Amino acid sequence: MKDNRYELFPILNAEGNFVGTISRGHAHDGCKILHPVVHLHVFNSRGELYLQRRPAWKDIQPGKWDTAVGGHVDLGEDIESALRREVMEELGITEFTPVAMGCYIFESKKEKELVYVNRCVYDGPVNPSAKELSGGCFWSQTEILENIGKNIFTPNFEQEYLSKILPRLPSDI
């Protein structure tokens, strides 16, 4: 399995406005052209956070633990539709109530993304896609904090968890 290098993504300016198109291959070749992605942090009512394991065939951060759901926004797709599509594709979840937590620009050696961050509390069945992921499980806050900086998680997850999620954990989690 491999990502489709020819899949088209929207190009955005820093304000999130559409300015063009780019292929997945070009978006991840180090050109650092800004393109949108959606993230969903799935908590259960015990406060544990579901993390996915990225498959070995991924072109970015293979084999690392990452945000429960993360995916690119397709060309012509709005953020809400992209989030719902990605959640269904990756975890098989259709009934959830996302809480938007804002967006930020993430830049690595290979890419530059405008990340739309969301969270939800969900206690139903989670069915990670064998096609999309290498599994997943719920982690306690202690387990996550003990493993940060040990090359287990993606750098994007660590940064997002420490700066966006941990400081804003609501009382319902």
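The analysis underlying the following values was restricted to heavy atoms, covering all of them including side chains, and did not include hydrogens, waters or symmetry mates. Bear in mind the structure is a predicted one, so any value in this text is a computation, not a measurement.
Between M101 and I165, the shortest heavy-atom contact is SD-CD1, 3.7 Å. Taking all atoms of both residues into account, the shortest heavy-atom contact from P98 to C120 is CA-CB, 4.4 Å. Summarising the geometry of L166 relative to Q141, their closest heavy-atom pair is CD1-NE2, 3.2 Å, with the distance given to 0.1 Å. The two residues A56 and S134 come nearest to each other via the heavy atoms N-OG, 4.3 Å. Scanning all heavy atoms of the two residues, the minimum distance from E158 to N147 falls at OE2-O, 4.1 Å. The nearest pair of heavy atoms linking T21 to I11 is O-CD1, 3.1 Å.
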Quiz item: T67 and L40: side-chain contact (heavy atoms from CB on, under 4.5 Å), yes or no, with the steps?
Solution: CA-CA 7 Å; T67 308; L40 181 68; 5.8 Å; no
Practice problem: Before giving the answer on side-chain contact (heavy atoms from CB on, under 4.5 Å), spell out for S108 and N156 the whole-Å C-alpha distance, their side-chain angles and the decisive distance to 0.1 Å. | Solution: CA-CA 8 Å; S108 71; N156 188 206; over 6 Å; no
Exercise. Tell me, with the steps shown, if H72 and E113 meet side-chain contact (heavy atoms from CB on, under 4.5 Å).
Key: CA-CA 9 Å; H72 290 90; E113 300 173 327; 3.8 Å; yes
Self-check item: side-chain contact (heavy atoms from CB on, under 4.5 Å) evaluation trace for R53 with D66
Solution: CA-CA 6 Å; R53 185 130 193 209; D66 201 1; over 6 Å; no
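Taken to the nearest 0.5 Å, the CZ atom of R119 stands 10.5 Å off from the NE2 atom of H41. A distance of 7.0 Å separates CD in Q61 from CZ in R54, rounded to the nearest 0.5 Å. Of the inter-residue distances, the one linking I144 atom CD1 with Y161 atom OH reads 4.0 Å to the nearest 0.5 angstrom. The structure places CE of M88 at 9.0 Å from CG of N127, a figure rounded to the nearest 0.5 Å. Note that NE2 of H28 and NZ of K112 are 14.0 Å apart. Values are rounded to the nearest 0.5 Å. The distance from the CD atom of E160 to the CG atom of L162 is 10.5 Å, given to the nearest 0.5 Å.
Residues V19 and L34 do not share a hydrophobic cluster, defined by chaining ILVMFWY side chains whose heavy atoms lie under 4.5 Å apart. Two different hydrophobic clusters hold F43 and V69 under the rule that ILVMFWY side chains link at heavy-atom gaps under 4.5 Å. Cluster annotation: L75 is not connected to F9 through the hydrophobic network of ILVMFWY side chains, with a link wherever side-chain heavy atoms come within less than 4.5 Å. Side-chain heavy atoms closer than 4.5 Å link hydrophobic residues (I, L, V, M, F, W, Y) into clusters, and following such links, even through other members, never connects V87 to V117. Taken together through direct or relayed side-chain contacts under 4.5 Å among Ile, Leu, Val, Met, Phe, Trp and Tyr, W65 and V126 form parts of separate hydrophobic clusters.
Under a 3.5 Å cut-off, the side chain of E143 and the backbone N or O of S140 do form a donor-acceptor pair. Remark: side-chain polar atoms of K64 are not paired, donor with acceptor, to backbone N or O of I60 under 3.5 angstrom. Of the possible donor and acceptor atoms, none in the side chain of S81 sits under 3.5 Å from a partner among the backbone N and O of E77.
Taking D29 as the reference, H26 meet the side-chain hydrogen bond (donor to acceptor under 3.5 Å, both in side chains) condition, with sequence neighbours excluded. Residues passing the ring-ring contact (aromatic ring centres under 6.0 Å, His included) test with F153, sequence neighbours excluded: W139, F157. Applying the salt bridge (charged side-chain N to carboxylate O under 4.0 Å, His left out) criterion to E80, with sequence neighbours excluded, gives R84.
Looking at heavy atoms from C-beta onward, V99 lies out of side-chain contact with N118 at the 4.5 angstrom threshold. Put simply, the side chain of E111 reaches to within 4.5 Å of the side chain of H35, judged on heavy atoms. Side-chain contact check for V73 versus V38: some heavy-atom pair is nearer than 4.5 Å. Between P36 and Y116 there is a side-chain heavy-atom pair separated by less than 4.5 Å.
Under a 4.0 Å N-O distance rule, the pair D74/R85 qualifies as a salt bridge.
Side-chain N/O atoms of E86 and H39 include no donor and acceptor closer than 3.5 Å.
Side-chain rings of Y122 and F96 stay apart, their centers remaining 6.0 Å or farther from each other.
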